[in-house]
Amino acid sequence: MLFPFPDYAGVEPSAEALSLVGAEALCPAHLRSSGREVTLVTRYEDARAVLADDRFSRAAAVALTITARKPTSLPLNVVDPPVHTGRRRSISSALSARRIRDLQPGIEELAESLLDEVEAADGVVDLGPAFAWPLPVIVICRLLGLPESDRAVFHPWVEVMMSIAKHSEAEVGEAHHRMAAYFTGVLKAKQARLAAGGEPADMLEELLQPANPALALPFADLVVLGTGLLLAGYETSAHTLTACLYILIRHPEAADALRAEPDRVPRAVEEMMRWMSLNSTGGALHVATEDVELPGGTIPAGGVVLPLTDVANRDPAVFSCPADLDWARADNPHLSFGHGRHRCPGATLGRVEVEIGVRAFLRRFRRVELAVPVEELSWRDKTFIRGLAELPVRVKP
C-alpha cells in the first residue's frame, strides 16, 4: 500500500481510507515520495495514544515530510519539547478563549459584508472566493496585524508551500524564501513601532513584546510562527467552511432544520468535521524513540507511524453508525483538530469562523443549488489540504 492515497473527488475519506475502517489497527504502507516503510494507525484508541505519547517524536520525522512545507514554515508540527513547549506557550495566551470571544462580533460583521456581495451577484456565484475563503483569511490578517490587501501577495506562496509533488524544488524554495522575507519585514516594522513607544496592537506585536517577559521568543522563531499561523489560519478554515457549505447544499433537509433551530449549528459543524476528510496526508509522521506498546500492537524503536485521524473518526468502537451524518450526535470526540500537545492551538478560532459562516449563510439564503452537476465540480489536487477548487451556486435570499 502506497501513501498518500491518490487524489479523488468528494469530501468523505477516500475509498482506500474507508477500506481501513475496522481493519487491522496497525497497517503497513510505504511513502510514495521515498518508499520508506510506515505504519498507518487506523483505530481511534491507537491514534489518540500516538498523539498523546511523548515517546513519539515529530522532529525525528522531519526528513520524511510528505508535503512541500519545510521546517522553517512549521512552527509547531515538526518540533518536540522544549522548542515546541516554548512556542506553544507563547501563542496560547494570544489565542485564548477570551480573545476569540472578543473577535466574534467582527467576524460576524465580516461574514455579513461578504454575503452582501454574494446576494448582489447576478446569476452564478462561486462561494469559495466570494465567501468561504476570504472570511478566515481576512480574520487571520486582522489578528496578525497584516494589511488585508497583502492577500494577493502571499496567496501564490501559500499555494506552492501547501502542495504535494506539484512544484519544482526551486519553486518551493523560492516560496519559502519570499514568505520568510515578508514576515521578517513585517516584524521589523512592528518592532520599530514598539520601540518608538507604541503599545502592542495585534498578535505579532504581543509576541514581540509579551506581557510576561519569560514568554519572549527569538526573532527567528517569530518569523517561523508568523508563517505557520498565517498558513494554518488560512487554508484549513477556508476549505473546511467550503466543505460544510457543500455538504449542507447536498442535504437541504438538514439545512432547513438548522435554519429553524440555529442553536444546533455548532453540533452540526462538529459532525461535519468528523465526517469529512480534507487532510491529504492523513496526519503527521511520528518516529518511536523506543519500543512503544499501543492497544493495537507494538511499534519498535525507530518505527515510523502515521495516525490516520480521518479513519479514526470513523471507528465504530467510538462512533455509532460512523458512516452516517448524524446531525444530532451529542458525544463527538473527533480527532480533526488533533490531540495531546500537538492539538491545533487555533481550534477555538477555527470552530468560531466555521460556525459563524454556516449560521450567517443559512440565515441569508433560503434556497441554494449547485450551478453545475456534482460530477463537474473541480477539486484541488496534489495539495496538503484537500477540498473544492470551486463551489458555483445559485442562491435565493
Side-chain angles (χ1 to χ4, degrees), residues 51 58 62 65-79 83-84 86-97 99-100 103 107 132-146 150-151 154-155 157-164 175-176 179-180 182-183 186-187 202-204 206-207 217 221-243 273 276 278-285 309-310 335-355 357 380 383-387:
L51 294 170
R58 291 195 179 186
V62 166
T65 182
I66 297 173
T67 73
R69 296 283 298 276
K70 296 181 181 297
T72 50
S73 69
L74 291 161
L76 298 174
N77 281 29
V78 296
V79 292
V83 175
H84 177 273
R87 291 178 177 178
R88 176 93 185 200
R89 187 171 57 236
S90 294
I91 67 172
S92 292
S93 59
L95 289 172
S96 66
R99 181 174 197 140
I100 303 307
L103 289 173
I107 299 174
W133 303 348
L135 177 66
V137 178
I138 293 173
V139 170
I140 196 65
C141 282
R142 292 176 179 177
L143 187 62
L144 297 178
L146 307 178
D150 281 1
R151 288 186 290 152
F154 54 68
H155 175 75
W157 310 333
V158 173
E159 289 292 298
V160 175
M161 294 169 71
M162 298 295 284
S163 66
I164 299 176
H176 280 79
M179 187 68 84
Y182 172 82
F183 272 101
V186 165
L187 286 163
D202 56 59
M203 186 174 176
L204 289 180
E206 289 175 8
L207 290 170
L217 292 171
D221 279 18
L222 296 181
V223 173
V224 176
L225 272 174
T227 301
L229 289 167
L230 174 65
L231 268 66
Y234 181 168
E235 283 271 293
T236 308
S237 294
H239 293 289
T240 297
L241 177 54
T242 307
M273 288 182 177
M276 70 174 68
L278 299 185
N279 189 339
S280 294
T281 64
L285 292 165
T309 53
D310 294 337
L335 298 175
S336 300
F337 288 111
H339 178 66
R341 67 172 181 265
H342 285 289
R343 185 177 182 276
C344 176
T348 300
L349 177 59
R351 281 188 167 101
V352 166
E353 288 171 337
V354 176
E355 288 172 11
R380 288 157 60 87
T383 186
F384 174 55
I385 302 297
R386 296 186 53 260

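Hydrogens, waters and symmetry mates play no part in the numbers below; they use all other heavy atoms, side chains included. It should be emphasised that the depicted structure is a prediction, and the values quoted were computed from it without experimental measurement.
- For the residue pair Glu235 and Val158, the shortest heavy atom distance occurs at CG-CG1, 3.8 Å.
- One finds the CG atom of Leu349 at 10.5 Å from the CG atom of Leu229 (value rounded to the nearest 0.5 Å).
- Counting only heavy atoms from C-beta outward, the side chains of Leu207 and Ser90 approach each other to under 4.5 Å.
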Residue pair Leu146, Val186: steps toward the side chain to side chain contact (heavy atoms under 4.5 Å, CB included) verdict = CA-CA 8 Å; Leu146 307 178; Val186 165; 3.8 Å; yes
CA sep, side-chain torsions, deciding dist, call: His176, Val160, side chain to side chain contact (heavy atoms under 4.5 Å, CB included) = CA-CA 9 Å; His176 280 79; Val160 175; over 6 Å; no
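- Note that CE of Met162 and CG of Leu231 are 5.5 Å apart. Values are rounded to the nearest 0.5 Å.
- Annotation: side chain of Thr236 is not in contact with side chain of Leu278 (no heavy-atom distance under 4.5 Å).
- Here the shortest heavy-atom pairing between Ile91 and Pro345 reads CD1-CG, 3.9 Å.
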Which is it for His339 and Thr309 under the side chain to side chain contact (heavy atoms under 4.5 Å, CB included) test, yes or no, and what are the steps along the way?
-> CA-CA 10 Å; His339 178 66; Thr309 53; over 6 Å; no
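- Asp202 contributes atom CG, which lies 13.5 Å from atom CZ of Arg142 (distance to the nearest 0.5 angstrom).
- Atom OG1 in Thr240 sits 11.0 Å away from atom CZ in Arg351 (nearest 0.5 Å).
- Residues Trp133 and His239 bring their aromatic ring centres within 6.0 Å.
- Thr227 OG1 to Leu222 CG: the interatomic distance, rounded to the nearest 0.5 Å, is 10.5 Å.
- Relative ring orientation between Phe154 and Tyr234 is described as perpendicular, the plane-to-plane angle rising above 60° on a 0-90° scale split at 30° and 60°.
- Using a 4.5 Å heavy-atom cutoff, the side chains of Arg343 and Leu51 are not in contact.
- When all heavy atoms are compared, the tightest approach of Arg87 to Leu217 is CA-CD1, 4.2 Å.
- A distance of 10.0 Å separates CZ of Arg380 from CD1 of Ile164, quoted to the nearest 0.5 Å.
- Arg88 places a side-chain N or O within 3.5 Å of a backbone atom of Arg341 that can act as its donor or acceptor partner.
- Nearest approach of Val352 to Ile107, heavy atoms of both residues: CG1-CD1, 4.1 Å.
- Scanning all heavy atoms of the two residues, the minimum distance from Ala175 to Trp157 falls at CB-O, 3.9 Å.
- Taking both residues in full, the closest heavy atoms of Met273 and Ser336 are given as O-OG, 3.0 Å, listed atom of the first, atom of the second, then distance.
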